[in-house]
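This report concerns only the one structure given below.
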Protein chains: 2
Amino acid sequence: MIGHHPEPDQIKLENVLTALGHPMRLAIVRELAGGGERACGTVLSKEIAKSTLTHHWRVLRDSGVIRQRPSGREHLLSLRREDLEQRFPGLLDSVLAGVESDPESVDRYAP
Amino acid sequence: MIGHHPEPDQIKLENVLTALGHPMRLAIVRELAGGGERACGTVLSKEIAKSTLTHHWRVLRDSGVIRQRPSGREHLLSLRREDLEQRFPGLLDSVLAGVESDPESVDRYAP
DNA sequence: ACGTCAGTACGACTTCTGTCGTACGATCCG
DNA sequence: CGGATCGTACGACAGAAGTCGTACTGACGT
């Protein structure tokens with residue numbers, strides 16, 4: 001079962017900012033920023049409990065930051081770049097630049 | 001007594017995003033975006049309990065989004081535009097643009 | 001069909017947030 | 001000085017958020 005993705009015009013700024021306001025989720029977004037799709041299991045460190053990851057997928061999905069698509073027995077994740085860019089121009093880029101400029105608090109989650 | 005303001009290079013992205021990820025605080029930032037200083041009591045609706053406001057001043061101050069300066073019996077608030085711009089270029093501008101593009105969830109806090 | 005693998009669902013638990021009421025300290029003004 | 005005003009401090013409380021273990025579903029490979 002896969003949860004709910006908001007339509008582009010239903011994406012709420014406060015939800016996006018809340019979703020991005022957590023180092024683990026920033027790490028996820030950073031990993032996905034390269035483009036393309038990644039399976040859930042390949043995005044972050046294996047140390048993290050799967051149910052914890054599921055929780056964060058939901059937050060990012062419900063806020064409109066990522067898209068989640070089933071493919072075989074995997075779920076592929078991707079950044080909703082165009083939707084976010086259309087809705088909040090420049091926001092995602094400046095956040096990504098910010099993460100790169102100070103990756104400390106995010107690195108420990110890397111795979 | 002006035003709390004702690006982080007140095008510009010200690011401003012953490014995740015804290016800024018968390019601070020901005022709340023409609024009431026977005027409303028505050030929006031009010032301060034005009035520039036200059038405003039007394040605490042003039043920024044939002046009078047309906048809100050003063051202790052609640054104090055809580056949000058703290059969140060915004062500790063994250064580095066606003067500066068708070070005593071002046072007589074008032075505390076003057078201002079946006080830390082330059083510091084944020086230097087640390088996370090473009091971020092604040094795109095957030096402010098986002099608020100203006102959809103002020104619904106924020107309007108009810110206006111004074 | 002069977003076991004394995006990817007991810008979710010659910011429940012438990014702890015911590016963090018948001019809100020408020022009340023009490024306090026500092027400042028201004030008559 | 002005495003009273004009013006601005007904001008903080010503290011304590012209480014409900015609800016949300018984050019983490020995990022366990023159980024489960026669905027798809028794959030043999």
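The shortest heavy-atom contact between B:Leu26 and B:Val95 is CD2-CG1, 3.9 Å. Nearest heavy-atom pair across B:Gly98 and A:Phe88 is CA-CD2, 3.8 Å. When all heavy atoms of A:Gln86 and A:Pro8 are compared, the pair lying nearest together is OE1-CB, 4.4 Å. Nearest heavy atoms, A:Leu44 versus A:Ala27: CD2-CB, 4.0 Å. Nearest heavy atom pair, residue A:Arg61 against residue A:Gln68, reads NE-OE1, 2.6 Å.
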For this session: List the steps and the verdict of side-chain contact (heavy atoms from CB on, under 4.5 Å) for B:Arg80 and B:Ile11.
Result: CA-CA 11 Å; B:Arg80 295 182 64 176; B:Ile11 299 179; 4.2 Å; yes

For this session: Applying side-chain contact (heavy atoms from CB on, under 4.5 Å), run through A:Val106 and B:Leu13 and close with a yes or a no.
Result: CA-CA 10 Å; A:Val106 146; B:Leu13 179 59; over 6 Å; no

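Near DNA chain C, defined here as any heavy-atom distance below 4.0 Å, the residues from residues 54-79 of chain A are A:Thr54, A:Trp57, A:Arg58, A:Gln68, A:Arg73, A:Glu74, A:His75, listed numerically. Interface residues of residues 31-53 of chain B facing DNA chain C, ordered by number: B:Ala49, B:Ser51, B:Thr52; criterion, heavy-atom separation under 4.0 Å. Listed in residue order, the members of residues 102-111 of chain B having a heavy atom less than 4.0 Å from DNA chain D come to none.
For the pair A:Glu37/A:Arg69, a side-chain contact is recorded, criterion being any heavy-atom separation below 4.5 Å from C-beta on. By the 4.5 Å heavy-atom criterion applied to side chains, A:Leu79 and A:Leu92 are counted as neighbours. Between B:Tyr109 and B:Ile28 the shortest side-chain heavy-atom distance does not fall below 4.5 Å.
Identified under the side-chain hydrogen bond (donor to acceptor under 3.5 Å, both in side chains) test for residues 12-35 of chain A, with sequence neighbours left out: A:Glu14-B:Ser105, A:Arg25-A:His56, A:Arg30-A:Glu100, A:Arg30-A:Asp107, A:Glu31-A:Arg38.
Every residue two or more places apart in sequence or in another chain was checked for a side-chain hydrogen bond (donor to acceptor under 3.5 Å, both in side chains) with B:Arg58, and none qualifies.
On the nucleic acid side, DNA chain D contacts chain A at distances under 4.0 Å to non-hydrogen atoms, with the end points of that region at D:dG18 to D:dC28.
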